[in-house]
Colleague: 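Below you will find the structure I want to go over with you.
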Amino acid sequence: AASDVYKRQPRCTHTGKSLEGSGGEPFFEETERRESEDIIESITDAARTVSDKVFSGMGGVILHGRKAVMWHRRFTLEELQILPIHVLELVGSLTGIHLVRYFKRWAGLEVGGPTRCLERIDNMSVVDAIGKGRAKDIRLAQLLSLRDKSLEDQKLTSEAAWIWTKSVEQLGDDMSRGAFDIVRETLEGRGFEEIVHWDLGGEQEELIPDILELRAHLFKLSKEHEAMKNAEHVLPPRWGKASRCLLYTSPSPRDVEESR
């Protein structure tokens with residue numbers, strides 16, 4: 001039911017303080033802050049249930065002032081089988097950043113502004129990778145590079161922060177699971193006056209051609225990643241882990257005699 005979203009323990013994503021019993025006022029303070037400070041907020045998430053009978057996808061909301069874009073894209077079964085959740089989460093973050101340019105155009109915002117984007121992601125490993133700007137996982141490293149390029153192209157600065165999955169503000173979770181009516185009702189209840197919904201697997205697919213083309217590359221990297229992991233397990237136990245060593249032997253007495 002739509003009321004289920006209000007049963008979560010609300011928490012302000014900007015201050016981290018509890019919003020329970022606040023009557024929603026801190027949310028409106030956040031909305032006014034975004035508008036006054038000229039900030040765009042992107043809240044994203046990804047859901048991964050390997051089944052074609054359950055809705056699993058990536059989704060989120062992009063917010064500024066009283067305008068909101070809801071967006072989602074359902075994952076294919078192949079994507080769910082091959083790509084792990086932390087990779088899908090970062091693809092969602094990258095997609096949210098990529099869509100900011102189209103949000104600005106739709107919202108009638110001036111060219112060049114706003115230049116700040118607050119990202120809210122409920123996967124701590126992804127937030128940590130974004131903060132450090134690097135990752136050991138080659139798939140994350142590639143996605144971080146593309147994310148940085150998108151930010152540079154749009155002249156955006158980004159601040160990524162963790163958001164609790166059960167936070168009342170984590171609308172990305174609902175979008176990634178197909179609960180679109182709940183998200184729209186929640187946004188309307190919080191005073192958003194203009195709301196649109198972009199289906200990136202349908203009519204608005206043309207907005208993300210680069211990200212769709214990225215799938216084949218991620219599949220290849222994932223298969224290579226798994227092959228390397230499996231190769232470690234086929235080594236005979238007696239070999240253990242390979243390590244480098246320098247073997248030094250002193251000359252034999254015969255070698256010393258012959259060298260005289």
Colleague: I'd like to know if the side chain of Ser222 and the backbone of Leu218 have a donor-acceptor N/O pair within less than 3.5 Å.
Modeller: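 Indeed, once roles are kept as given, a pair shorter than 3.5 Å links the two residues.
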
Colleague: With side chain to side chain contact (heavy atoms under 4.5 Å, CB included) as the criterion, how do Leu140 and Val87 come out once you've worked through the C-alpha distance, each side chain's angles and the decisive distance to 0.1 Å?
Modeller: CA-CA 6 Å; Leu140 293 189; Val87 172; 4.3 Å; yes

Colleague: Would you please name every residue forming a salt bridge (charged side-chain N to carboxylate O under 4.0 Å, His left out) with Glu194, sequence neighbours left out?
Modeller: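 Expected list: Lys67.
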
Colleague: With sequence neighbours left out, what residues match Phe219 under ring pair (Phe, Tyr, Trp, His ring centres under 6.0 Å)?
Modeller: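 None.
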
Colleague: What's the shortest heavy-atom distance between Pro114 and Leu109, and which atoms?
Modeller: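 Minimum heavy-atom separation between Pro114 and Leu109: CD-CD1, 3.5 Å.
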
Colleague: Judged by atom type as modelled, is there a donor-acceptor pair below 3.5 Å linking the side chain of Glu79 to the main-chain atoms of Thr76?
Modeller: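 Confirmed, Glu79 side chain pairs with Thr76 backbone.
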
Colleague: Please check if Ile85 and Leu221 belong to a single hydrophobic cluster, counting links between Ile, Leu, Val, Met, Phe, Trp and Tyr side chain heavy atoms closer than 4.5 Å.
Modeller: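 They do not share one cluster, since no chain of ILVMFWY contacts under 4.5 Å joins Ile85 to Leu221.
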
Colleague: Here's a test for you: under side chain to side chain donor-acceptor pair (under 3.5 Å), which of Asp45, Asp173, Asp122 qualifies with Thr165?
Modeller: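 Among Asp45, Asp173, Asp122, the one that satisfies the side chain to side chain donor-acceptor pair (under 3.5 Å) with Thr165 is Asp122.
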
Colleague: Return the set of residues passing side-chain hydrogen bond (donor to acceptor under 3.5 Å, both in side chains) with Lys149 (not counting sequence neighbours), or none when no residue passes.
Modeller: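 By the side-chain hydrogen bond (donor to acceptor under 3.5 Å, both in side chains) rule, Lys149 matches Asp153.
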
Colleague: Which pair of non-hydrogen atoms, one from Ala68 and one from Leu63, has the smallest distance, and what is that distance?
Modeller: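 That would be CB-CD2, 3.5 Å.
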
Colleague: Of all heavy-atom pairs between Trp106 and Trp198, which one has the smallest distance, and what is that distance?
Modeller: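 Reported closest heavy-atom pair: CB-CZ2, 4.2 Å.
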
Colleague: Which residue in the set Gln154, Glu152, Arg147 passes side chain to side chain donor-acceptor pair (under 3.5 Å) when paired with Ser150?
Modeller: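 Going through Gln154, Glu152, Arg147 one by one, the side chain to side chain donor-acceptor pair (under 3.5 Å) with Ser150 is satisfied by Gln154 alone.
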
Colleague: For residues 81-94, pull every pair meeting side chain to side chain donor-acceptor pair (under 3.5 Å), keeping only residues two or more places apart or in separate chains.
Modeller: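 Sorted pair list: His86-Asp137, Ser93-Glu119.
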
Colleague: Please list, chain by chain and in numerical order, all residues satisfying side chain to side chain contact (heavy atoms under 4.5 Å, CB included) with Phe180, sequence neighbours excluded.
Modeller: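 If we apply the side chain to side chain contact (heavy atoms under 4.5 Å, CB included) test to Phe180, skipping adjacent residues, the hits are Phe55, Met70, His72, Met175, His197.
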
Colleague: Considering residues at least two apart in sequence or located in another chain, which fulfil the side-chain hydrogen bond (donor to acceptor under 3.5 Å, both in side chains) criterion with Asn123?
Modeller: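 Counting only residues at least two positions away or on another chain, Asn123 forms a side-chain hydrogen bond (donor to acceptor under 3.5 Å, both in side chains) with Ser125.
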
Colleague: Would you sort out whether His64 and Glu41 count as a side-chain hydrogen bond (donor to acceptor under 3.5 Å, both in side chains), showing the intermediate values?
Modeller: CA-CA 7 Å; His64 180 269; Glu41 186 163 5; over 6 Å; no

Colleague: Mark yes when over 12 heavy atoms from residues, nucleotides or ligands other than Arg134 sit less than 6.0 Å from its CZ; otherwise mark no.
Modeller: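 12 or below, so no.
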
Colleague: Could I get the full list of side-chain hydrogen bond (donor to acceptor under 3.5 Å, both in side chains) partners for Arg184, not counting sequence neighbours?
Modeller: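 With sequence neighbours excluded, Arg184 shows a side-chain hydrogen bond (donor to acceptor under 3.5 Å, both in side chains) to no residue whatsoever.
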
Colleague: Taking side chain to side chain contact (heavy atoms under 4.5 Å, CB included) as the definition, give me every residue that meets it alongside Ser51, ordered by chain and number, with sequence neighbours left out.
Modeller: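 Residues passing side chain to side chain contact (heavy atoms under 4.5 Å, CB included) with Ser51: Thr49, Lys53, Val54.
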
Colleague: For residues Met58 and Leu77: do they belong to one hydrophobic cluster (side chain heavy atoms under 4.5 Å, members Ile, Leu, Val, Met, Phe, Trp, Tyr)?
Modeller: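 Same cluster: Met58 reaches Leu77 through Ile, Leu, Val, Met, Phe, Trp or Tyr contacts under 4.5 Å.
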
Colleague: Which residues pass the salt bridge (charged side-chain N to carboxylate O under 4.0 Å, His left out) test with Arg48, sequence neighbours left out?
Modeller: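 Expected list: none.
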
Colleague: Nearest heavy-atom pair of Cys117 and Ile97: which atoms, and what distance?
Modeller: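 Reported closest heavy-atom pair: SG-CD1, 4.0 Å.
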
Colleague: So, the side chain of Thr186 versus the backbone of Ile182: is there a donor-acceptor pair under 3.5 Å, distance only?
Modeller: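 Side chain of Thr186 to backbone of Ile182, a donor-acceptor pair under 3.5 Å: yes, one is there.
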
Colleague: Suppose we screen for salt bridge (charged side-chain N to carboxylate O under 4.0 Å, His left out). Which residues come up paired with Lys132, at least two apart in sequence or across chains?
Modeller: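 Result, salt bridge (charged side-chain N to carboxylate O under 4.0 Å, His left out) vs Lys132: Asp128.
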
Colleague: Report whether Phe103 and Val196 are members of the same hydrophobic cluster (ILVMFWY, side-chain heavy atoms less than 4.5 Å apart, transitive linking).
Modeller: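 Yes.
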
Colleague: After noting the C-alpha distance and the side-chain angles of Thr115 and Lys155, does the key distance pass the side chain to side chain contact (heavy atoms under 4.5 Å, CB included) rule?
Modeller: CA-CA 6 Å; Thr115 58; Lys155 295 181 173 56; 5.6 Å; no

Colleague: Which heavy atom of Thr44 sits nearest to which heavy atom of Gly92, and what is that distance?
Modeller: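 What the structure gives for the nearest pair is CG2-O, 3.7 Å.
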
Colleague: Where do Ile39 and Leu118 come nearest, in terms of heavy atoms and distance?
Modeller: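 Here Ile39 and Leu118 meet closest at CG2-CG, 3.5 Å.
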
Colleague: Name the atoms and distances for all side-chain donor-acceptor pairs under 3.5 Å in residues 200-216, with sequence neighbours left out.
Modeller:
residue: Gln204; atom: OE1; partner: Asp199; partner atom: N; Å: 3.0
residue: Arg215; atom: NE; partner: Leu212; partner atom: O; Å: 3.2

